[in-house]
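Accompanying notes for the structure given below.
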Amino acid sequence: MTFPLFLQLLTNGLVVGALLAIVALGVALIFGVVRVVNFAHGEFVTLGAFATYLVVTQLNISPLLGIPLAFVLGAAVGAGIQAAIVSRAAGRPELDVLMVTYALSIIGLGIFSSAFSGDFRSYSEGPSGIFTLGSVVIGLRSLTVLLVCLIVGVGTILVVQRTRIGLALRALAQSRDSAAACGINVPAAELFAFALAVGLAAAAGALVSLIGTIHPRVGHDLVLDAFVVVVLGGMGSIGGAVLAAIAIGIVNAFTSFALDDSWARILTYCLLYATLLLRPHGLLGRHVGA
Amino acid sequence: MSGILTVVDAHKRFGGIHAVRGVSLALNSGELLGLFGPNGAGKTTLFNMIAGLYPPTSGRIELASRDVTREPAFRRARAGIGRTFQVCRPFRGLTVAENVLAAIPPGSGVGDDRARAREILDAVGLLPKAEDAAGSLTLGMLKRLEVARALALEPKLLLLDEPLAGLTASETSDLLGFIQGLKARASIILVDHNVRQSLGVCDRAIVMDAGAVIASGSPDTIRRDPGVRRAYLGESAA
């Protein structure tokens, strides 16, 4: 492998990894703060992708504007679902809550399939052309995805690490009872976390629509990798999720080139298996009970 | 003295278990009330009802004449009920300072709040550990951190659940002295199994058994109560 090719694959991997990181950040936030494994997360990615597709093709709005619009739509939908459905399942056995999010996923998939059929869709509006840096060629759309992911990812981490609401979320992730005893409004903090996470998923969907085709399962497929990323990074660890997403993106890029996409997936799950055996709490996660 | 806490005929049932049976108590401003009894007496359940972790099955709880019976725990904390837990529950992944900061109501700015957190840590002797992870503290320090977190709420009422458990003799003596000093800032209910030492700092005490109050009064009254002596202090207690 030549060095320019190595750099090219690394760049491709970074783009996929960055996108995966945004989705995984949301999964980690919901799991860490709300203590829910959200099987419907992929459908929120699909929501953002179709919403952007509609505003671009029907309203002639730039897909770049579609990204914040998708975020706001996702956050509003997420807040509604947390308040109306997920919070009402709180305190019930974990399997019940899992079934609630699984049902939401099936319902979402059904709605998207019914409304948009199974067709693969795309649009040509938005940034076009290529950007060349030395021997590395990157499409402007991919570069946009990388930059937006960087901004959104850093912004999210800053909110979680540097603000009072972020401190409340981190406290809540450690002990619900202690958080309540400290006067932290637990239902409001959970609502904020769920809305932020779903907003991130929808924004990721908008980015997916920029560089790929859109179909009802587009988010579902992406979120499977996001779950792997969250487990690899350490359940609930935001830093671990970002690290693992970048790693998976890069491994996928190299494996897909050297072998094919099927092997990339096989290797991803072998990595998951090895991590669970050797480091059950993930790359940056803490031991259970620590 | 004005009333800080009033509990009226509080009951708590968990299925077939009647954990708290008709407990009534009143606590005045600046008073330190000891709450004693064997394991399973219902002390922690009563604490959890006062703090809002469990809603009472029936009865009424008032904080400074305000009915808080149906209010959630976070709202009671904001209303001025600070508590510690029997088994320490720090935010282990946060720093010691962040643990306290999390309990300070957002005020004029994070900078001021951080200064306030450091003041509170100084008061409990944990300032040198401010930037350490809470999970790295010793048990004695964790107990102080929980007290610091409760103080960050500027409480009217402090509920201290077995703060002396697991401490060395010198840590126990230090913490009891510190708790006595807290009376100037808040009314306190203190649960502990170290009855003889704890009674030394209490203004009044009540003793529970099987979910009900079996004795109440001054520390001397409690010490002299034959039932309490037999059950909790031992027949040979002086």
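Lettering follows sequence order; numbering is per chain, from 1.
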So if I apply the side chain to side chain contact (heavy atoms under 4.5 Å, CB included) rule between B/Leu158 and each of B/Ile81, B/Ile188, B/Ile179, which one comes out positive?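 So, applying the side chain to side chain contact (heavy atoms under 4.5 Å, CB included) to B/Leu158 and each of B/Ile81, B/Ile188, B/Ile179, only B/Ile188 qualifies.
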
Indicate yes or no for a side-chain donor-acceptor contact from [X] to the backbone of [Y] under 3.5 Å, with no hydrogens or angles considered.
| X | Y | value |
| --- | --- | --- |
| A/Arg170 | A/Val160 | yes |
| A/Thr101 | A/Ala40 | no |
| B/Thr6 | B/Ala26 | no |
| B/Arg21 | B/Ala210 | yes |

Do any of residues 82-91 of chain B come closer than 4.5 Å to chain A, heavy atom to heavy atom, and if so which ones, in number order?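 B/Arg83, B/Phe85, B/Arg89, B/Phe91, listed by number.
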
Suppose a student defines contact as a heavy atom less than 4.5 Å from any heavy atom of chain A. Which residues in residues 141-153 of chain B would they list?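 Only B/Arg149, B/Leu153 of residues 141-153 of chain B have a heavy atom under 4.5 Å from chain A.
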
Enclosure of A/Arg35 CZ (heavy-atom neighbours >12, cutoff 6.0 Å):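 Enclosed: over 12 neighbouring heavy atoms sit under 6.0 Å from CZ of A/Arg35.
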
Side chain, backbone, both or neither: which part of A/Ala168 has a heavy atom under 4.5 Å from chain B?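 A/Ala168 has no heavy atom closer than 4.5 Å to chain B.
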
Can you tell me how far the CZ atom of A/Phe227 sits from the CZ atom of A/Phe31, to the nearest 0.5 Å?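 Going from the CZ atom of A/Phe227 to the CZ atom of A/Phe31 covers 10.5 Å.
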
Derivation of the salt bridge (charged side-chain N to carboxylate O under 4.0 Å, His left out) call for B/Glu71 and B/Arg78: CA-CA 11 Å; B/Glu71 290 194 2; B/Arg78 286 183 181 179; over 6 Å; no

Results of side-chain hydrogen bond (donor to acceptor under 3.5 Å, both in side chains) for B/His18 - residues two or more places apart only: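 Listed in chain order: B/His11.
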
Side-chain donor-acceptor contacts of residues 49-59 of chain B below 3.5 Å, not counting sequence neighbours, with atom names and distances?
from	atom 1	to	atom 2	distance (Å)
B/Thr57	OG1	B/Arg13	N	2.8

